Amino acid sequence: MRSYRANYSRKGQMKIQEMAFVLAAIMIFFAIAALFYINFRISGLRQGVEEQRSQEAQEIVKKIASSPELSLNKECESCIDLDKALVLKESKAYKNFWNLDYLKIEVIYPNKKQGECIRGNYPDECSGITIANKTKDFGTAMSAFAALCRYDATSRTKKCELGKIYAAGEALK
Amino acid sequence: MNINKKAQEEIVGFVMIVVVVAVLGLILLVISLRNPGENQKDSKDARLFLESVEELTLECSGNGGENARKLLISCYNNEMCESGKKACDGLKEALEGSIASGFSYGPERAIKGYEFNASYSRNSSAISGRREVLFISKGNCSSGNRRGAEQFISASLGVISYSLELCY
């Protein structure tokens with residue numbers, strides 16, 4: 001009886017196997033390299049997204065600082081009027097004005113005595129004005145640099161210090 | 001030595017594939033690392049800091065003080081404060097203090113150091129012909145990973161550009 005079985009060479013089979021192994025090894029190598037690259041890119045993207053969110057939050061904080069209720073004048077967009085802020089702090093009507101859980105303005109330079117400002121110790125014996133503080137669990141407050149300006153009665157001029165405005169709330173998340 | 005020539009050829013082929021893949025990988029890595037703007041990004045924090053610090057009132061003229069922007073121009077003109085202190089020294093002191101208060105830097109912090117550079121030129125885009133007005137460098141800025149911002153003020157028919165670069 002005639003046999004129809006293919007007569008493959010053993011050497012040829014070995015060659016095909018070798019080629020298959022080499023191809024598999026190359027594919028695995030490429031897959032590992034691609035995984036590393038994708039992981040690297042994704043971590044970069046995540047960092048970028050976080051930065052973007054943080055910048056957006058900073059922009060909102062900056063917007064709050066430049067609102068007419070807090071800003072010094074149109075000439076200086078990054079200036080907060082500290083005298084206005086002190087009045088706002090005392091006004092109950094402004095507690096929910098920005099719909100924030102926490103809003104604080106703090107002088108960071110020149111270094112001042114730490115403490116909350118009230119009419120009795122303002123402006124030299126205190127460093128911060130808390131306009132809103134609804135809850136203790138407000139999370140991490142976003143911050144932005146601002147020039148904190150006030151009228152100096154001694155020199156009868158505007159005096160500006162370096163400060164930060166801190167804000168936390170649903171609007172910033 | 002009786003070495004199989006075909007086996008040698010296959011090894012050479014495999015090595016060539018590995019070398020080609022490695023070279024391609026290296027090229028991709030270099031491209032991704034050399035991506036412009038990756039090593040030097042604009043920092044919103046630094047920009048807001050510079051915008052705010054230029055309004056800072058500093059005791060120099062004696063008449064209730066003047067802002068850092070004016071003091072930078074006085075520094076460029078080598079002027080003196082009424083106290084006898086050089087305008088540049090007063091400004092340097094204030095900038096060092098305010099940067100230290102605004103950004104915590106150090107070998108174990110995210111920000112390793114900073115460089116503040118103010119220079120005068122006839123126009124803001126001219127790189128050549130710049131005259132250094134004030135340069136402050138603190139901490140370690142050797143890594144090359146920097147983020148910063150630049151601001152400009154006009155002075156004596158030219159522009160004083162000042163920048164703050166935070167080193168990570």
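Any value given below was found using the heavy atoms of this structure, including those in side chains, with hydrogens, waters and symmetry copies removed. None of the values given here were measured: they were computed from a predicted structure.
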Does B:Leu71 belong to the same Ile/Leu/Val/Met/Phe/Trp/Tyr cluster as B:Leu50, with side-chain heavy atoms less than 4.5 Å apart forming each link?
yes

Cluster overlap A:Phe36 with A:Ile28, hydrophobic side-chain contacts below 4.5 Å:
yes

Cluster link A:Leu23 to A:Met14, ILVMFWY, side chain under 4.5 Å
no

Test item: A:Leu162 and B:Phe49 side chains (from C-beta on) under 4.5 Å apart, heavy atoms:
yes

Identify which of A:Phe30, A:Tyr109, A:Tyr37, A:Phe29 forms the greatest number of heavy-atom pairs closer than 4.5 Å to chain B.
A:Tyr109

Are the side chains of A:Lys62 and B:Leu48 in contact, using a 4.5 Å heavy-atom criterion?
yes

Report yes if the side chains of B:Asp45 and A:Gln58 come closer than 4.5 Å at any heavy-atom pair, otherwise no.
yes

Partner chain A: residue of B:Ala68, B:Ala100, B:Gly97 with the largest heavy-atom pair count (under 4.5 Å)
B:Gly97

Neighbour count above 12 (heavy atom, 6.0 Å) for B:Lys92 NZ:
no

Using 0.5 Å steps for rounding, measure from the OG atom of B:Ser101 to the NZ atom of A:Lys164.
10.0 Å

Would you indicate whether the side-chain heavy atoms of B:Leu56 and A:Cys160 approach each other to under 4.5 Å?
no

Under 4.5 Å between side-chain heavy atoms, counting indirect links through other Ile/Leu/Val/Met/Phe/Trp/Tyr residues: same cluster for B:Leu164 and B:Leu58 or not?
yes

Is the ring pair B:Phe103/A:Phe145 parallel, tilted or perpendicular, if the boundaries are 30 and 60 degrees?
tilted

Mind jotting down which residue pairs meet the disulfide (SG to SG under 2.5 Å) criterion with at least one end in residues 84-115 of chain B? Sequence neighbours excluded, please.
B:Cys75-B:Cys88

Let me check something: do A:Leu72 and A:Leu88 share a hydrophobic cluster, defined by ILVMFWY side-chain heavy atoms less than 4.5 Å apart, either directly or through other members?
no

Please state whether the side chain, the backbone, both or neither of A:Leu148 comes within less than 4.5 Å of a heavy atom of chain B.
neither

Pairwise side-chain contact, A:Glu51 with B:Lys44, heavy-atom cut-off 4.5 Å (strictly under)
no

